Amino acid sequence: MSRLSFKEIRGTEDILPEKIGVWRRMENAAREVFDLYCYEELRTPILEETGLFISGVGETSDIVTKQMFSLADRKGRSLTLRPEGTAPIIRAYLKHRIYKNPIAKIFYMGPFFRSERPQAGRERQFHQIGAEAIGCDNPSMDAEVISLLIHLLNKFGITGGRLELNSVGCSLCQGPYKEKLREYFAGEETPLCPDCQRRLNKNPLRVLDCKRPECQSLIVDAPPLPDYLCNSCSEHFQKVQAILKSLSISYHLHPYLVRGLDYYTRTAFEITHPALGSQNAVAAGGRFDNLVEKMGGELTPAVGFALGMERIILIQEKEKVTAPLETRLSVYLAPQGKEAFQEMVNLLKELRQNGIKSELDYEGKRLKNQLRLANKLNAQYVAILGEEELRRKTITLKNMDTGKQEELPIDLSDCLNFISKVLHLIPPHI
RNA sequence: GUGAGCGUAGCUCAGCUCGGUUAGAGCACCAGGUUGUGGUCCUGGUGGCCGCGGGUUCGAAUCCCGUCGCUCACCCCA
């Protein structure tokens, strides 16, 4: 096995036929839910100019400083495999003047790339489903986005998540608060971890996110961010909470929750799930009121989220969420002999053209082995055509669930009618 | 980028501590038992450069070094 020349590169994986149904069901379910909330899909390229992410995500962010898959094109320009979805969506929003609509509600799904060391729930190529509502600063929209996210998770069969909520304020309130944080941490006796000492200068908010015990013990008594919000941010935050309550969405205030991407303002949230490992966030998002302007547009508020599809699947597997049934093979054709085989090639074509999922033995197996294979393929019926049937001008149809079988006239259209009838012609779907 | 654990059949693993015939099991796969009847059962079979390279040794899956890969954790995030 190790002699194979090529394998998937680290942190990427093949999604095999036996698992693809899980993905397709998730994608289809997501599209249904988004439609209910009047979100429309936008697909952006996987490859973008590197500068888009530097200015969008922030040049001090970890994503930009050490996690991007970048490459040079033939003219030496730097391109990057998208590490996140929001910056490209905003780029497309501005380029195509989607802002002509008062509010743009957009969703996306697909692969993203970050060059981190893989571990449970984290791969280098991963898949996200995300949504952005651009052009609305009403706290109701924050609540709608959260409510939409929860609707999606439920549709995927996921319950038991925990919604953490915070407000990180705007540029007005963040300045004084950062100073306050610096004062607080500088005044403490036990030192922060080396990483955090650097963070304290660059972006003190990040210190709040540190999980090291020595920092945690200081963080628990740090001045909580929500206490330092400006009036307008504070009011916004209160309203978001009031609306969530009226929608019966339970949440946990987390005054030290900050997001790792630089563009977030005001509302920040995260949904964690106990079935996940140490990467326990299944979805996260928040408001980004300055990003559109930063990327060259008018000042335009926006709010959105992204969820990790691999993490959804991890939870589903751990919690044994039962997936809807796969499409079942309706008829397996079992001919005995060359003449019978020729007949069945024709029947196979007719069956498939009439929407009946069917399969034929091309190997000339013995009947016993044909039935064995049909059983493994979970076929509903096996159509048997052998010497006896040919002589009597019939075909034998065996119900694999009940074991009962009956002989039908060999005429193709009669056959089709009967099979269609017994199958009730349920259209195949996943 | 840092740390720890693990690499033996398609899959899950035993064997390694204490080196010693042809390296095992279960599942899966193929075939036979039934020359035209599946699932269960019985019997047989295919399938291994024991991750790779080097070292120690009369002898290495087993001990040592290196290397690559995987996994989990740190970091960070979906």
Side-chain angles (χ1 to χ4, degrees), chain A residues 1-4 7-11 13 16 18 57 61-67 83-86 108-130 149 153 161 193-196 198-199 206 209-213 215 257-261 264 269-273 276-286 304-315 332 334-337 340 363 365-390 396-405:
Chain A
M1 67 184 186
S2 57
R3 302 184 66 196
L4 297 178
K7 62 185 104 179
E8 317 99 285
I9 62 177
R10 158 176 278 211
E13 64 170 7
L16 299 176
E18 62 201 40
V57 180
S61 67
D62 281 28
I63 289 180
V64 167
T65 55
K66 52 191 186 193
Q67 297 174 357
E84 63 99 46
T86 301
Y108 61 88
M109 58 179 75
F112 294 88
F113 304 84
R114 289 181 204 170
S115 177
E116 303 172 88
R117 194 89 152 237
Q119 72 184 79
R122 188 171 77 185
E123 24 274 299
R124 288 182 168 182
Q125 176 176 344
F126 57 102
H127 297 77
Q128 287 191 164
I129 297 176
L149 171 57
L153 294 176
C193 71
D195 279 339
C196 284
R198 256 184 295 109
R199 291 183 183 123
R206 288 285 182 70
D209 208 22
C210 187
K211 284 158 200 137
R212 285 175 182 277
C215 299
L257 174 72
V258 293
R259 314 267 346 114
L261 283 60
Y264 283 105
F269 59 88
E270 195 167 296
I271 294 186
T272 60
H273 198 283
L276 291 170
S278 96
Q279 306 300 317
N280 67 350
V282 64
F305 69 80
L307 64 84
M309 297 177 76
E310 283 84 357
R311 291 186 185 179
I312 297 281
I313 292 172
L314 278 179
I315 298 170
Y332 183 87
Q336 295 292 304
E363 316 268 286
K365 289 187 208 298
R366 292 166 39 187
L367 182 61
K368 171 195 168 90
N369 290 327
Q370 290 172 329
L371 283 162
R372 190 181 284 174
L373 184 57
N375 186 61
K376 197 183 311 171
L377 294 173
N378 192 24
Q380 251 176 300
Y381 288 90
V382 172
I384 301 166
L385 186 61
E387 281 176 26
E388 286 175 32
E389 284 87 353
L390 282 175
T396 297
L397 194 64
K398 172 166 180 145
N399 182 321
M400 293 295 279
D401 295 332
T402 64
K404 287 180 186 157
Q405 58 189 50

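What you see below is based on every heavy atom in this structure, not just the backbone, and it leaves out hydrogens, waters and symmetry mates. What you see is a predicted model; the values in this text were computed from it and never measured. Here is how names work: the chains are called A, B, and so on, in the same order as the sequence lines, proteins then strands, and each is numbered from 1.
With no hydrogens or angles considered, a side-chain donor-acceptor pair links A:Q336 and A:Q370 at under 3.5 Å. If you check the side chains of A:Q405 and A:T396, you find no donor sitting under 3.5 Å from an acceptor.
For the C1' atoms, the distance from B:G54 to B:C18 is 25 Å, rounded to whole Å. B:C30 and B:U46 have their P atoms separated by 16 Å, given to the nearest Å. B:U43 and B:C6 have their P atoms separated by 37 Å, with the value rounded to a whole Å. Look at the P atom in both B:C13 and B:A60: the space between them is 28 Å, to the nearest Å. Here the separation of B:G36 from B:C29, taken at their P atoms, is 23 Å to the nearest Å. Nucleotides B:C27 and B:G45 place their P atoms 15 Å apart, quoted to the nearest Å. Between B:U40 and B:U22, the distance separating the two C1' atoms is 35 Å to the nearest Å. If you take atom C1' in B:G66 and the same atom in B:A28, they sit 36 Å apart, rounded to whole Å.
Between A:E270 and A:R259, at least one side-chain N (NZ, or NE/NH1/NH2) sits under 4.0 Å from a carboxylate O, which counts as a salt bridge.
Here the nucleotide nearest the side chain of A:A120, chosen from B:A73, B:U37, B:G38, is B:A73.
With A:R311 contributing its side chain and A:A281 its backbone, the two residues share a donor-acceptor pair below 3.5 Å. Using modelled atom types, one side-chain atom of A:R124 and one backbone atom of A:E116 make a donor-acceptor pair closer than 3.5 Å.
A residue-by-residue look at A:S278 and A:E310 shows that A:S278 has its nearest nucleotide of RNA chain B further toward the 5' end.
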Going 5' to 3' through nucleotides 26-33 of chain B and flagging B where a protein heavy-atom sits under 4.0 Å of the base, S where only the sugar-phosphate is that close, and - otherwise, we get ---SSSSB
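What separates CD of A:Q336 from P of B:U37 is a distance of 10 Å, to the nearest Å. The CE atom of A:M309 sits 12 Å away from the C1' atom of B:A78 (whole-angstrom rounding). A straight line from CG of A:L385 to C1' of B:U37 spans 15 Å, rounded to a whole angstrom. Counting to the nearest Å, the C1' atom of B:A78 and the CZ atom of A:R114 are 7 Å from each other. Counting to the nearest Å, the C1' atom of B:C77 and the CD atom of A:E123 are 12 Å from each other.
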task = Begin with the C-alpha distance, continue with both residues' side-chain angles, and end with the deciding distance and a verdict on side-chain contact (heavy atoms from CB on, under 4.5 Å) for A:N375 and A:V382.
result = CA-CA 9 Å; A:N375 186 61; A:V382 172; over 6 Å; no
key: Test side-chain contact (heavy atoms from CB on, under 4.5 Å) applied to A:L371 and A:L367, step by step   = CA-CA 6 Å; A:L371 283 162; A:L367 182 61; 4.0 Å; yes
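Contacts of A:E13 with the nucleic acid, taken as non-hydrogen atoms under 4.0 Å apart, are absent. Residue contacts for A:G285: at a heavy-atom cut-off of 4.0 Å it reaches no nucleic acid atom on any strand shown. No engagement by A:E270 is indicated, since no non-hydrogen atom pair under 4.0 Å with the nucleic acid exists. Within 4.0 Å (heavy atoms only), A:G121 reaches at least one base atom of the nucleic acid.
With hydrogens and angles ignored, no donor-acceptor pair under 3.5 angstrom links the side chain of A:Q370 to the base of B:U37. For B:C72, the base has no donor-acceptor partner in the side chain of A:R122 [N/O atoms by modelled type, under 3.5 angstrom]. A donor and an acceptor atom never sit less than 3.5 Å apart when one is taken from the side chain of A:Q67 and the other from the base of B:G1.
Base-pair partner of B:C6: B:G69 (Watson-Crick or G-U wobble, both distances under 3.5 Å). In this entry B:U22 has no Watson-Crick or G-U wobble partner, no candidate having both defining distances under 3.5 Å. Pair check for B:C30 finds B:G44; Watson-Crick or G-U wobble, both atom distances under 3.5 Å.
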Atom pairs under 3.5 Å, N or O on each side, protein against nucleotides 67-70 of chain B: can you list them with distances?
residue: B:C70; atom: OP2; partner: A:R10; partner atom: NE; Å: 2.7
residue: B:C70; atom: OP2; partner: A:R10; partner atom: NH2; Å: 2.9

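The aromatic ring of A:F112 does not sit over the base of B:A78; the criterion of centres under 5.5 Å apart with planes under 30° is not met.
A:P83 is not listed as a side-chain neighbour of A:Q67, based on a closest heavy-atom distance of 4.5 Å or more.
Listed by chain and number, the residues in a salt bridge (Lys or Arg N to Asp or Glu O under 4.0 Å) with A:K365 amount to none (sequence neighbours excluded).
Regarding contacts with the backbone of B:C74, a side-chain N or O of A:Q119 is found under 4.0 angstrom from either OP1 or OP2.
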